[in-house]
Amino acid sequence: MTMTVLSWSLLLAQLMLGAAMLCTTWRVLRGPRAQDRVIGLDALYVCGMLLLLTFGIRSGTSVYFEAALVIALLGFVSTAALAKFLMRGEVIE
Amino acid sequence: MIPAAAELPWIVVIPVCLLLLAGSGLTLIGAFGLLRLNSFYARVHAPTLGTSYGMGCILLASMLFFSVLQTRLVIHELAIGAFVILTTPVTLMLVARAAIHRDRLEGKDAIPRAARPD
Amino acid sequence: MTRLLPHPLISAGILLLWLLLNQTLAPGPALVGLAVALFGGWTLALLDQGRPRLRRPDLVLRLTGQVILDIARSNLAVASIILGRRRGSTAGFLHIPLVLRDPQALAVLACILTATPGSTWVEYDAEEGWLLLHVLDLEDEESWIRLVKDRYERPLMEIFT
């Protein structure tokens with residue numbers, strides 16, 4: 001019984017996070033401007049990271065945790081680089 | 001699917017479920033705001049819902065679940081939490097600065113020309 | 001003491017993160033973590049950013065609690081704005097005069113304001129101390145200015161002396 005409740009709420013949480021990822025993807029595709037796309041990408045990787053954590057709870061292993069950590073680390077670097085690019089038009093000066 | 005979870009007590013499962021739903025709900029509202037709000041500067045505020053309490057609730061759920069499942073303290077999720085909390089303001093500020101710089105270059109109205117009021 | 005541990009808080013943070021990621025308190029990983037933490041402190045000292053002098057640990061705790069509470073409150077406020085029916089947007093820019101000058105304290109203030117949903121630090125004028133803030137519900141400018149100055153700026157000025 002506990003397992004049923006847990007797996008149903010996990011499913012619901014994953015559906016909501018998936019919908020959140022769709023919303024942010026729409027923002028990345030539609031723009032209208034470059035900064036909107038960057039903000040959308042930033043939100044997209046956070047949602048993806050949270051989705052991985054829920055997969056980790058579902059499988060009961062900590063393998064997904066490491067993937068989530070890598071996404072968090074790389075997402076920050078990529079957004080910072082993109083913001084720098086928007087500011088000056090080049091990443092390395 | 002979750003082999004050992006069948007033996008988990010209700011008192012753990014219910015908070016885990018509630019935290020999961022609250023966290024993913026907040027993240028969804030934030031993402032929906034990214035879709036719905038009508039100007040760039042208003043949209044900057046939306047993702048912070050997901051990166052503050054949305055993330056916090058899901059991390060707490062994960063910590064609680066694994067701590068009880070493995071009967072030891074599992075708190076390495078705190079590393080993700082600390083990292084995201086420290087980096088989100090930095091990226092948002094960078095993007096907001098880049099956006100206002102671009103808007104000023106294009107000579108948009110309704111954008112303040114400097115931090116000092118004129 | 002200062003030669004060996006130029007940044008005690010940063011070194012402690014690195015050691016804690018190392019132990020968290022290794023998920024153990026065994027002496028081997030702990031020793032490696034200690035070495036990494038010491039090296040991290042020395043590297044930061046080479047950058048020579050100046051050490052922040054933190055006073056009043058009680059105020060640090062109170063400010064942290066306040067920020068956690070405020071973030072929760074503004075999460076709900078922003079969620080209701082997003083889901084609300086009213087289309088008329090009240091978002092807008094706000095100029096705030098700051099007395100705070102310490103760069104590290106300003107960095108903390110910027111992180112607090114941006115991490116809170118509903119307000120974003122956009123620009124800072126270092127010469128005269130003007131802050132350009134963007135807020136999502138700009139109903140009452142005065143109360144926003146008072147909130148930033150009383151709730152965050154004053155404790156930060158006492159903490160970073």
Side-chain angles (χ1 to χ4, degrees), chain A residues 1-3 5-10 12-27 30 32-36 38-40 42-44 46-47 49-51 53-54 56-60 62 64-65 68-69 71-73 75-80 82-88, chain B residues 1-10 12-14 16-18 20-21 23-25 27-36 40 43-44 46-47 50-51 54-55 58-59 61-62 65-66 69-70 74 76-77 79-80 83-84 86-88 90-99 101-102:
Chain A
M1 185 59 193
T2 47
M3 201 172 130
V5 172
L6 187 61
S7 69
W8 273 102
S9 42
L10 266 173
L12 201 58
Q14 284 171 338
L15 283 177
M16 284 202 270
L17 287 173
M21 286 179 82
L22 282 181
C23 289
T24 54
T25 312
W26 181 253
R27 184 49 74 197
R30 283 304 299 274
R33 306 198 59 207
Q35 50 262 44
D36 293 292
V38 174
I39 286 282
D42 190 68
L44 178 64
V46 172
C47 295
M49 187 195 78
L50 294 178
L51 190 60
L53 283 172
T54 57
I57 295 180
R58 187 177 278 274
S59 68
S62 66
Y64 289 97
F65 166 80
L69 192 64
I71 291 184
L73 289 165
F76 166 65
V77 178
S78 65
T79 314
L82 282 171
K84 189 88 174 63
F85 179 74
L86 287 184
M87 194 85 159
R88 296 262 186 266
Chain B
M1 196 168 46
I2 314 171
E7 293 102 62
L8 287 184
W10 280 107
V12 176
V13 170
I14 290 181
V16 168
C17 293
L18 288 180
L20 274 175
L21 292 177
S24 51
T27 312
L28 178 59
I29 293 174
F32 183 63
L34 198 67
L35 208 60
R36 186 172 177 212
F40 168 76
R43 283 196 283 267
V44 172
T51 56
M55 178 199 65
I58 292 181
L59 288 181
S62 174
F65 178 79
F66 281 111
L69 191 69
Q70 305 180 358
V74 180
H76 58 306
E77 280 87 352
I80 291 188
F83 191 77
V84 172
L86 286 178
T87 55
T88 312
V90 178
T91 53
L92 286 183
M93 270 184 273
L94 277 174
V95 178
R97 282 201 57 135
H101 178 72
R102 283 163 65 99

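In the text below, chain A, chain B and the rest are named by the order of the sequence lines, each starting its count at 1. Side-chain atoms are counted along with the backbone in the values below, which use heavy atoms only and exclude waters and symmetry mates.
- Looking at B:Val95, both its backbone and its side chain come within 4.5 Å of chain A, counting heavy atoms on both sides.
- Taking the side chain as every heavy atom from C-beta outward, A:Leu17 and B:Ile58 approach each other to under 4.5 Å.
- Shown here for B:Thr91 and A:Ala80, the closest heavy-atom pair between the two residues is CG2-N, 4.4 Å.
- Nearest heavy atom pair, residue B:Ala98 against residue A:Met87, reads CA-SD, 3.4 Å.
- The structure places OG of B:Ser24 at 7.0 Å from CG of A:Leu12, a figure rounded to the nearest 0.5 Å.
- Interatomic distance, A:Ile39 CD1 to B:Phe40 CZ, rounded to the nearest 0.5 Å: 4.5 Å.
- Contact count against chain B (heavy-atom pairs under 4.5 Å) is highest for A:Ala72 among A:Ala72, A:Gly18, A:Gly75.
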Open item on the list: I'd like to know whether A:Phe65 forms a side chain to side chain contact (heavy atoms under 4.5 Å, CB included) with B:His76, so could you lay out the CA-CA distance, the side-chain angles of the two residues, the decisive distance to 0.1 Å, and finally the verdict.
Closed with: CA-CA 9 Å; A:Phe65 166 80; B:His76 58 306; 2.9 Å; yes
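- The side-chain heavy atoms of A:Leu50 and B:Met55, taken from C-beta on, include a pair separated by under 4.5 Å.
- Neither the backbone nor the side chain of A:Met21 comes within contact range of chain B; no heavy atom of the residue lies under 4.5 Å from a heavy atom of that chain.
- With a 4.5 Å cut-off on side-chain heavy atoms, B:Leu21 and A:Met16 count as touching.
- In this structure, chain B has heavy atoms under 4.5 Å from both the backbone and the side chain of A:Leu69.
- For A:Leu51, no part lies under 4.5 angstrom from a heavy atom of chain B.
- Residue B:Ile29: no heavy atom, backbone or side chain, is found under 4.5 Å from chain A.
- With contacts defined as side-chain heavy-atom distances shorter than 4.5 Å, the pair A:Val5/B:Trp10 qualifies.
- One distance of note links OG1 of B:Thr88 with CG of A:Asp42; it measures 7.0 Å at 0.5 Å rounding.
- Between A:Ala13 and B:Leu20, the closest heavy-atom pair is CB-O, 4.1 Å.
- Taking every heavy atom of both residues into account, B:Phe66 and A:Gly56 meet most closely at CZ-O, 3.4 Å.
- Residues B:Leu35 and A:Cys23 approach most closely at CD1-O, 3.5 Å, considering heavy atoms.
- Distance check: B:Arg43 CZ to A:Asp36 CG gives 4.0 Å after rounding to the nearest 0.5 Å.
- Between the CD atom in A:Gln35 and the CZ atom in B:Arg97 there is a gap of 14.0 Å [rounded to 0.5 Å].
- A:Ala83 and B:Leu94 make their closest contact through CB-CB, 3.7 Å (heavy atoms, listed as atom of the first residue, atom of the second, distance).
- Heavy atoms of B:Val90 lying under 4.5 Å from chain A belong exclusively to its side chain.
- For the set B:Pro47, B:Ala61, B:Ala99, the count of heavy-atom pairs under 4.5 angstrom toward chain A peaks at B:Ala99.
- Proximity to chain B (any heavy atom under 4.5 Å) is shown, for A:Arg30, by neither the backbone nor the side chain.
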